[in-house]
Amino acid sequence: MRWSQYFIPTLREDPADAEVISHKLLLRAGVVRQLSAGIYSYLPLGQRIALKVMQILREEMNAVGGQEFYLPALHPAEIWQESGRWSAIGDEMFRLKDRKGMDMCLGMTHEEVFTAIARNELRSYKQLPQVWYQIQIKFRDEPRPKSGLMRLRTFIMKDAYTFDVDWEGLDKSFIDQREAYKKIFARCGVQFSIVEASSGSMGGSESNEFVARTDAGEDFIATCTSCDYAANLEKATSRLPKIEDETGPDAPEEFPTPGVRTIEDLARAPYLVAANQQIKTLVYVATIEGESRPVLALLRGDHPLHEVKFADAIGATAVRPAHPEEIRDLLGASAGSLGAVNAKENARATKQQLIIVADQGLKDRRNMTTGANKDDHHIRGVNLERDIEVDQWADLRTVESGEACPRCDSGTLEVFKAMEIGHIFKLGTKYSDSMGAHVLTADGKSVPIVMGSYGIGVERIITAAIEQNHDADGIIWPKSITPFDVIVTITNIKDEKLREAGEKLYQDLQRAGLEVLLDDRDERAGVKFKDADLIGIPYRITVGKKIADETVELFDRRAKQSEDVKLVDIVKRVQTLALSQP
RNA sequence: CGGGGCGUGGCUCAGCCUGGUAGAGCGCACGGUUCGGGACCGUGAGGUCGGAGGUUCGAAUCCUCUCGCCCCGACCA
């Protein structure tokens with residue numbers, strides 16, 4: 001393409017609406033433009049990039065036996081009612097009515113549509129396994145679209161579905177997909193981790209989440225430095241060094257602690273109670289089975305609570321810290337002097353039922369110090385077993401960087417931010433059961449098809465690729481998804497010699513099978529260099545003064561280094577570089 | 001849905017507090033000088049100040065309502 005006629009509206013300044021790096025660069029490089037919150041148009045550069053990503057997805061899906069479909073984005077409510085998700089999903093689904101008043105929706109995903117095809121057409125185990133996929137637009141009315149292409153309301157997704165006659169088949173299909181996913185992300189130049197994840201409302205037994213490390217991400221991930229342990233912080237655990245407590249007094253002893261409000265206060269002189277010798281008592285109000293209930297969360301003094309773990313542990317749909325009045329009403333003291341010893345009695349006195357959940361890290365601890373439920377007083381010599389009525393032991397603690405890996409002996413955990421880029425699920429028979437997709441087995445029995453579902457967000461890959469591959473000057477596209485392999489920059493378009501040499505190079509490179517962008521604009525060289533860096537083409541050939549010596553410059557965008565190359569060698573040179581991986 | 005911020009030429013912003021009829025830089029058009037890391041000079045085009053209502057002789061500016069966008073939280077297969 002000739003830049004002079006190609007639409008690449010680059011921006012010199014950061015747009016006011018963009019916060020994260022990938023968002024700024026996508027806009028500045030003329031890749032996309034925003035239409036509305038969470039809705040973006042792909043400009044020509046963006047379309048080329050998306051097509052590259054989609055082609056990689058297609059190749060790797062085909063490589064594991066995938067067959068590409070193209071399904072409707074507009075669905076009748078009926079199939080969603082059959083699967084039960086019409087009512088299970090809330091405002092996140094775009095719903096509408098047709099002219100006759102029939103309920104319809106815009107597809108957020110395609111389990112229902114694929115299952116509807118499967119139930120009509122798949123009859124026998126002999127037809128299985130099937131691996132079906134499509135690359136299609138999806139609609140989700142996100143409560144909060146954000147960060148450019150990271151959280152969108154309409155986006156492109158590669159979604160694949162596998163159909164097996166039994167669970168063993170699904171296990172194999174699942175592994176095939178997981179391996180394909182590894183290749184896809186590696187090919188796209190995205191560093192990723194695979195983490196255990198919960199299936200959520202998708203249903204099913206097992207799921208793996210693929211995440212890309214970036215500070216723009218929304219999840220926290222813990223990975224082991226030496227083994228392959230990786231988990232979302234909502235699930236991650238770690239190994240703690242065992243603490244041997246001294247035998248304390250036969251019963252807890254109360255002592256005055258005027259002005260002491262925090263764990264740190266009590267750790268200082270004159271008290272000198274180490275944080276890990278203290279019990280942290282947090283009062284929450286949890287919604288359990290629709291009812292609000294007070295719950296005490298107990299942790300070691302130096303351990304932070306993870307609210308999602310906490311909510312999961314007690315089966316709550318929501319948790320919130322209790323208000324100061326609620327705390328005083330419940331325990332008779334204010335935050336800073338709270339404890340679980342005798343807390344149940346205190347609560348009963350006000351006719352409240354209190355649940356006490358303690359973190360595993362407190363198991364078997366003795367001679368601990370905690371609040372006395374009396375302002376400005378604490379008690380010491382508390383033995384968990386003996387002195388506190390714990391209803392439930394659970395993993396409530398937030399794992400931190402540097403702690404020991406729970407799976408291997410030598411590794412430590414590293415915690416970082418990441419974004420979800422893919423998710424694979426073993427669905428099982430959730431959809432085949434509810435929608436009646438059955439096949440006959442070899443011995444003539446009718447069984448529900450065992451399904452898997454596998455999704456990758458195209459925009460998420462693009463976002464992750466930029467987040468992980470950029471510098472102060474702009475994007476640095478991985479070669480696999482770059483909109484152009486090479487850009488030919490003619491430093492001065494009015495110089496006939498340069499122009500001719502550039503044009504010839506443009507033709508020659510294209511003939512060699514490369515995708516070439518020719519910067520033939522009537523701009524100063526500096527502007528062209530800045531723009532080339534910004535849009536991130538991996539290689540730039542500068543056609544300038546050295547053309548007198550039959551020489552051009554080859555600039556490596558990533559290494560930021562250039563070398564002189566003779567005109568006779570340049571095509572071969574670039575061909576070798578640009579078509580090599582990564 | 002809760003909290004915060006912002007809507008003024010294509011872009012980035014000033015003006016608003018203290019009402020007097022709209023500005024700068026970039027970009028764009030034309031002319032000239034430049035020409036290897038976002039040049040310079042001159043001339044010019046381009047804005048219902050998000051929208052509606054109100055107060056006022058007069059509203060970008062004050063008041064009310066409303067729409068949109070961004071950020072934090074909640075939420076999120």
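Here the structure is a predicted model, which means the values were calculated and not measured. Residue numbers begin at 1 in each chain, while the letters A, B, ... track the order of the sequences.
Across every strand in view, G44(B) sits in a pair with C28(B) that passes the Watson-Crick or G-U test at under 3.5 angstrom. Base pairing of C75(B): no nucleotide in any strand meets the Watson-Crick or G-U wobble criterion (both distances under 3.5 Å). Nucleotide U64(B) forms a Watson-Crick or G-U wobble pair with A52(B), both donor-acceptor distances falling under 3.5 Å. In this structure, C69(B) forms a base pair with G5(B), meeting either the Watson-Crick or the G-U wobble geometry with both donor-acceptor distances under 3.5 Å. Across the strands present, G36(B) finds no partner; the criterion is a Watson-Crick or G-U wobble pair with both atom distances under 3.5 angstrom. With a cut-off of 3.5 Å on both pairing distances, C17(B) has no Watson-Crick or G-U wobble partner at all.
Ring orientation note: the planes of Phe192(A) and Phe210(A) are tilted relative to one another, at an angle of 30° to 60°.
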Which atom pairs, one a donor and one an acceptor, fall under 3.5 Å between side chains of residues 31-40 of chain A and the rest of the protein, sequence neighbours left out?
{"from": "Arg33(A)", "atom 1": "NH1", "to": "Leu27(A)", "atom 2": "O", "distance (Å)": "2.8"}
{"from": "Arg33(A)", "atom 1": "NH2", "to": "Pro9(A)", "atom 2": "O", "distance (Å)": "2.7"}
{"from": "Gln34(A)", "atom 1": "NE2", "to": "Ser36(A)", "atom 2": "O", "distance (Å)": "3.0"}
{"from": "Tyr40(A)", "atom 1": "OH", "to": "His23(A)", "atom 2": "NE2", "distance (Å)": "2.9"}

Check residues 492-502 of chain A and write down every donor-acceptor pair under 3.5 Å in which the side-chain atom is one partner and the other belongs to a residue at least two apart or another chain.
{"from": "Asn492(A)", "atom 1": "OD1", "to": "Lys494(A)", "atom 2": "N", "distance (Å)": "3.0"}
{"from": "Asp495(A)", "atom 1": "OD1", "to": "Lys497(A)", "atom 2": "N", "distance (Å)": "3.0"}
{"from": "Asp495(A)", "atom 1": "OD1", "to": "Leu498(A)", "atom 2": "N", "distance (Å)": "3.4"}

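In this structure, CD of Glu19(A) is placed 15 Å from P of G5(B), rounded to the nearest angstrom. Atoms CZ (Arg153(A)) and P (G68(B)) sit 9 Å apart, rounded to a whole Å. Regarding Arg85(A), its CZ atom lies at a distance of 14 Å from the C1' atom of C76(B), rounded to whole Å. Atom pair Lys146(A):NZ and G5(B):C1' shows a separation of 16 Å (rounding to whole Å applied). Computed from coordinates, the Glu234(A) CD to A74(B) P distance equals 10 Å when rounded to whole Å. Following rounding to the nearest Å, Ile89(A) (CD1) and C75(B) (P) show an atom-to-atom distance of 17 Å. The CG-C1' distance, from Leu152(A) to C76(B), rounds to 13 Å in whole Å. In this structure, the CD atom of Gln34(A) is 13 Å from the P atom of G68(B), given to the nearest Å.
Comparing the same atom, P, in A29(B) and in G46(B) gives a spacing of 16 Å after rounding to whole Å. Using P as the reference atom, A59(B) and C49(B) are 11 Å apart when rounded to the nearest Å. Nucleotides G51(B) and A60(B) are separated by 14 Å at their C1' atoms, to the nearest Å. Straight-line distance between the C1' atoms of G68(B) and A52(B): roughly 15 Å, to the nearest whole Å. Taking atom P in both C13(B) and C75(B), one finds a spacing of 32 Å when rounded to whole Å. Look at the C1' atom in both C71(B) and U61(B): the space between them is 26 Å, to the nearest Å. Using P as the reference atom, G32(B) and G38(B) are 25 Å apart when rounded to the nearest Å. Annotation: C26(B) and G20(B) have their C1' atoms spaced 31 Å apart (nearest Å).
Checking His110(A) against Val20(A), the closest nucleotide of RNA chain B that is more toward the 5' end is the one next to Val20(A). Between Phe155(A) and Gly148(A), the one whose closest nucleotide on RNA chain B sits nearer the 5' end is Gly148(A).
Note on Asp549(A) versus Lys566(A): no salt bridge recorded, every NZ/NE/NH1/NH2 to OD/OE distance being 4.0 Å or above. Under the 4.0 Å criterion applied to side-chain N and carboxylate O atoms, Lys158(A) and Glu60(A) are not assigned as salt-bridge partners.
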When every nucleotide of nucleotides 29-42 of chain B is labelled 5' to 3' by its protein contacts under 4.0 Å (heavy atoms), B for base, S for sugar-phosphate only, - for none, what sequence of letters results? -----BSBBBB---
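Checked against side chain to side chain contact (heavy atoms under 4.5 Å, CB included), Ala236(A) has the following partners two or more places apart in sequence or in another chain: Ala222(A), Tyr229(A), Ala231(A), Leu233(A), Val399(A). Take Ala212(A) and apply the side chain to side chain contact (heavy atoms under 4.5 Å, CB included) test, not counting sequence neighbours, and it matches Val190(A), Met419(A), Ile421(A), Ala464(A), Gln468(A).
At the heavy-atom level, Ser562(A) lies nowhere under 4.0 Å from the strands shown. Base contact: Met157(A) has a heavy atom under 4.0 Å from a base atom.
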Filtered N/O pairs between nucleotides 12-15 of chain B and protein, under 3.5 Å:
{"from": "U12(B)", "atom 1": "OP1", "to": "Ala16(A)", "atom 2": "N", "distance (Å)": "2.8"}
{"from": "U12(B)", "atom 1": "O2'", "to": "Glu13(A)", "atom 2": "OE2", "distance (Å)": "3.3"}

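Figure legend: Arg95(A) and Trp86(A) shown as a cation-pi pair, the cationic atom lying under 6.0 angstrom from the six-membered ring centre and within 45 degrees of its axis.
Atom CD of Gln191(A) sits in a sparse spot, with 12 or fewer heavy atoms from other residues, nucleotides or ligands closer than 6.0 Å. Dense packing is recorded around CD of Glu563(A), with more than 12 heavy atoms of other residues, nucleotides or ligands lying under 6.0 Å away.
Here the closest heavy-atom approach between residue Val527(A) and residue Arg521(A) is recorded as O-NH2, 4.5 Å.
Applying the 4.0 Å criterion to OP1 and OP2 of C69(B), one finds that Ser36(A) has a side-chain N or O inside that range.
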